[in-house]
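Here the structure is laid out as structure tokens; the discussion comes afterwards.
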Amino acid sequence: MRLSRTYSDIAPELFQAQLQLSIQTRKAGLDPKLLDLLDLRISQLNGCAYCMDMHSADLLKRRESPRRLAVLGAWRETDLFTPAEQAALAWAEALTNLTRHPDMDGPFEALKAHFSETQIVALTFAAVSINGWNRLGVGFRLDLPEAQ
């Protein structure tokens, strides 16, 4: 299935609203590297190759270790992620897989040791944002950009 034009051309106001959500979450005072980790992990869960490609490249530009990128899908099995990153990743996964996480209390409580309420809300909106982008990418089958 392909659209005759890009979704951003077909519905520019909706695209801009989605883009503004992403921009505002980036202005909420959270570590950009953490947000990129969450974007990558959520994109992995959603199977969005376009977003996985983009966010892994973003992380490499931020000097993220290739080793951490390689094991991000198994972050619980390593000691490579800080307690704050682990709490944020658990929350992002719970928000992405709502039906697999009927009890949100555990992941939510873990956040409180590392993030303010404002930051928790920002992390939640960041998860909402990338989940939206993933649904656009997977739903409209965005192609990966040409390798550089």
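Computed from a predicted model, the values in this text were never measured in an experiment. Computed from heavy atoms alone, side chains included, the values below leave out hydrogens, waters and symmetry copies.
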Sub-4.5 Å side-chain heavy-atom contact between [X] and [Y]:
X	Y	value
Ser43	Tyr50	no
Asp143	Arg2	yes
Leu123	Leu34	yes

What about Ile120 and Leu95, same hydrophobic cluster or not, with Ile/Leu/Val/Met/Phe/Trp/Tyr joined at side-chain heavy-atom distances under 4.5 Å? yes

Tell me whether Trp75 shares a hydrophobic cluster with Val71, the cluster being built from Ile, Leu, Val, Met, Phe, Trp, Tyr side chains joined at under 4.5 Å. yes

Show me the pairs that pass salt bridge (charged side-chain N to carboxylate O under 4.0 Å, His left out) and involve residues 37-52, at least two apart or across chains. Arg26-Asp39, Arg41-Glu93

Checking side-chain contact (heavy atoms from CB on, under 4.5 Å) for the pair Trp133/Gln18: CA distance, chi angles, key distance, verdict? CA-CA 8 Å; Trp133 289 119; Gln18 177 69 20; 3.3 Å; yes

Could you state the interatomic distance from [atom1] ([X]) to [atom2] ([Y]), rounded to the nearest 0.5 Å?
X	Y	atom1	atom2	result
Asn131	Ile42	CG	CD1	5.0 Å
Leu72	Leu89	CG	CG	6.0 Å
Ile130	Ser22	CD1	OG	7.0 Å
Arg141	Leu136	CZ	CG	14.5 Å

Qualifying residues under side-chain contact (heavy atoms from CB on, under 4.5 Å), relative to [X], sequence neighbours excluded:
X	result
Ala84	Thr82, His114, Phe115
Arg68	Leu37, Glu64, Ser65, Leu80, Phe81, Glu85
Asp9	Arg5, Thr6

Hey, are Thr25 and Ser129 close enough side-chain-wise for a donor-acceptor pair under 3.5 Å? no

Can you establish whether the number of heavy atoms outside Phe125 located under 6.0 Å from its atom CZ is more than 12? no

Assess whether atom CD of Glu117 is packed by more than 12 heavy atoms of other residues, nucleotides or ligands within 6.0 Å. no

Mark yes or no for whether Asn46, through its side chain, and Cys48, through its backbone, hold a donor-acceptor pair below 3.5 Å. no

Look only at the side chain of Gln119 and the backbone of Ser116, and say whether a donor-acceptor pair between them is shorter than 3.5 Å. yes

Minimum heavy-atom distance Ala87-Leu111, with the two atoms named: O-CD2, 3.5 Å

Pairing residues for Phe108 by the ring pair (Phe, Tyr, Trp, His ring centres under 6.0 Å) criterion, not counting sequence neighbours: Trp91

Side-chain atoms of residues 53-62: list all donor-acceptor pairs with protein atoms under 3.5 Å, sequence neighbours left out, distances to 0.1 Å.
unit_1: Ser56; atom_1: OG; unit_2: Met52; atom_2: O; d: 2.8
unit_1: Ser56; atom_1: OG; unit_2: Asp53; atom_2: O; d: 3.1
unit_1: Arg62; atom_1: NE; unit_2: Asp36; atom_2: OD2; d: 2.5

